[in-house]
Amino acid sequence: MRHFKHLTALCLAAMLGFGAGAQAETTIITGGTLIDSAGTGPVEDAVVVIKDGRIQAAGPRASVTIPAGATAIDASGKFIIPGLMDANVHLYLNLDLETLIKYEGRYEDIIIEGAQLALKTGQTTVFDTWGPYPALKKARDMLNAGEAAGARVYFAGNIIGFDGPLSADFREAAAAHVSKAMVSRLNADWEQDTGRDLMWMGPEEVREKVDTYAAKDMDFLKYGASGHVAMEFITFSPRVQKEIVAAGHAADKTVQVHTTSIESLDMAIDAGVDILTHCDITGPVKTIPEATLAKMVEHSIPCSIVPITQRRLDAYIEQDPNQVMATYQGIGRKNIANMIKAGVSILLSTDAGVKSPLMMAESKQPKVDMRTELGEGHFNAFTALEELGMAPLEILRSATLNTAKAYKLDSDLGSLEPGKIADIVILDKNPLDAAANYRTINTVIKDGQVVDIDALPLAPLVSNQKAPDTKP
């Protein structure tokens, strides 16, 4: 039955035009207002020409030659932007025992579900920064081959220095309720021999481990400069961090860092990382010093931030003003505002995964303006950046060209320039007028193909779960 359902999903993907070989030869988008992340402002009555999945031309109608016989999309009164990106997601974020047990051996199906939820809501490319390597590789390869629909996925696998899901770094208490064999099996899938054991090693030994890991078929590397549960603790020494970064660069991969304190942030900058992940989180009291902000700008190191709205912060404070999320996120909002003023390159990210309505109903977390829900979190993050004073065009760049540049993919992605892959979103309302207008998605185009967003997700396992009716 499982294989039948999988085959059905693949066949449906092909029929809906999601396959890699289903591109129309030439498509034109006419009449809309073009807002390109590489430009300085909107272009009215624009034309975009797509040929063989790439942008051939984009600009005002008077300057673009419209090829005869092309398939036309009328975008009159609408707004054309590049496909959106999320610099930091976790397509398999489902660490509850129920899901870990029920879907073991099928985690790639949930990852693809997440990629489809992202694509449905305008995110044509996402970067998965922690998850099970085997399932992520399988899902990514299926998406790349056109065997499944979804956003384009790049992934890191493990956060180097962290143990797996049923460990002290994540859900250690749950380990007591399953066999030791399962604990070992799941943790190994995530860790890939790059867990906490590395913290006992010197620079040379860590370098060997990371060299071996970097030789695997992941897209980039991520390591922990500070803890996950114990966020105030430093993990690797400056010497070791430099070797981790060097190993990644030797393998021609970008290297990003998990950082949750001022000192871990500063040390990672000195180590030469390419991306600082959630560097807006620096604890419950202190904001990033001006000298460190200046170093970020001087070294041109972008920050992948996790912004929340004021309304969500207020909900945390109302729940308990002293809880970790209230204190850390309050400081985080101040850090983001300061980074915007200092001119730090900002990457929009959410830490989002596929959320189960059942689990969400039982969670004690506030239900307003969720950040970590795939398909929803990026919209709330846009609003948060607007609240914090980011210019409208910079908000767009945070989820397009800035992210493509940070991952060294801007030759293909991030803007609507000729020669680039045709990833496009058409909105009914102007996103430069209000961040809420990113929700007004009319059409999504990936690789030059119009996506049937109403059909996504094709075969949901988690996002369609129903909370029980508790009414008397």
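Atom set for the values below is all heavy atoms of this structure, side chains included, hydrogens, waters and symmetry mates excluded. Along the sequence shown, residues are numbered consecutively beginning with 1.
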Exercise. Can E108 and K138 be counted as an ion pair, charged N to O under 4.0 angstrom?
Worked result: yes

Exercise. Looking at CD of Q123 and CZ of F379, how far apart are the two atoms once the value is rounded to the nearest 0.5 Å?
Worked result: 7.5 Å

Exercise. Regarding T309 and N380, is there a side-chain donor-to-acceptor distance under 3.5 Å anywhere?
Worked result: no

Exercise. Any salt bridge between R54 and D447, counting N to O under 4.0 Å?
Worked result: no

For this session: Answer yes when R106 and D109 have at least one side-chain N-carboxylate O distance shorter than 4.0 Å, and no when they do not.
Result: yes

Exercise. Using a distance-only test with no angle check, is there a side-chain donor-acceptor pair under 3.5 angstrom linking T277 and S304?
Worked result: no

Problem set entry | CA sep, side-chain torsions, deciding dist, call: T99, D96, side-chain hydrogen bond (donor to acceptor under 3.5 Å, both in side chains) | CA-CA 6 Å; T99 305; D96 59 282; 2.7 Å; yes

Problem set entry | SB check R439 E376 (cutoff 4.0 Å) | yes

For this session: Test V444 against every option in V451, I424, D452, L456 by the side-chain contact (heavy atoms from CB on, under 4.5 Å) rule and name the one that passes.
Result: V451

Exercise. Hey, is D412 close enough to K420 for a salt bridge, meaning N to O under 4.0 Å?
Worked result: no

Problem set entry | Sequence-distant partners of T443, side chain to side chain contact (heavy atoms under 4.5 Å, CB included), two or more places apart | I426, I445, V450

Problem set entry | Salt-bridge criterion met for K334 and D280 (N-O under 4.0 Å) | no

Exercise. Checking K367 side chain against Q365 main chain: does a donor-acceptor pair fall under 3.5 Å?
Worked result: yes

Exercise. Knowing that exactly one of H278, K222, H228 qualifies, which makes a side chain to side chain donor-acceptor pair (under 3.5 Å) with H258?
Worked result: H278

Exercise. How are the rings of F170 and W130 set to each other: parallel, tilted or perpendicular (split at 30° and 60°)?
Worked result: parallel

For this session: Identify whether the distance between the nearest side-chain nitrogen and carboxylate oxygen of R140 and D217 falls below 4.0 Å.
Result: yes

Problem set entry | Distance-only donor-acceptor check, side chains Q329 and Y316, under 3.5 Å | no

For this session: Kindly indicate, with the supporting measurements, whether the criterion ring-ring contact (aromatic ring centres under 6.0 Å, His included) is fulfilled by H378 and Y438.
Result: CA-CA 9 Å; H378 63 299; Y438 282 100; 8.6 Å; no

Seminar exercise, completed: Checking V89, T403, D86 against F127 for side-chain contact (heavy atoms from CB on, under 4.5 Å), the one that qualifies is T403

Exercise. Would you call D45 and R61 a salt bridge, using N to O less than 4.0 angstrom?
Worked result: yes

For this session: Return yes if some donor-acceptor pair links the side-chain N/O of R397 with the main-chain N/O of N402 below 3.5 Å, else return no.
Result: no

Problem set entry | Cation-pi geometry met for K137 and F155 (6.0 Å, 45°) | no

Exercise. Rounded to the nearest 0.5 Å, how far does CG of L100 lie from NZ of K102?
Worked result: 13.0 Å

Problem set entry | Salt bridge K295-E298, side-chain N to carboxylate O under 4.0 Å | no

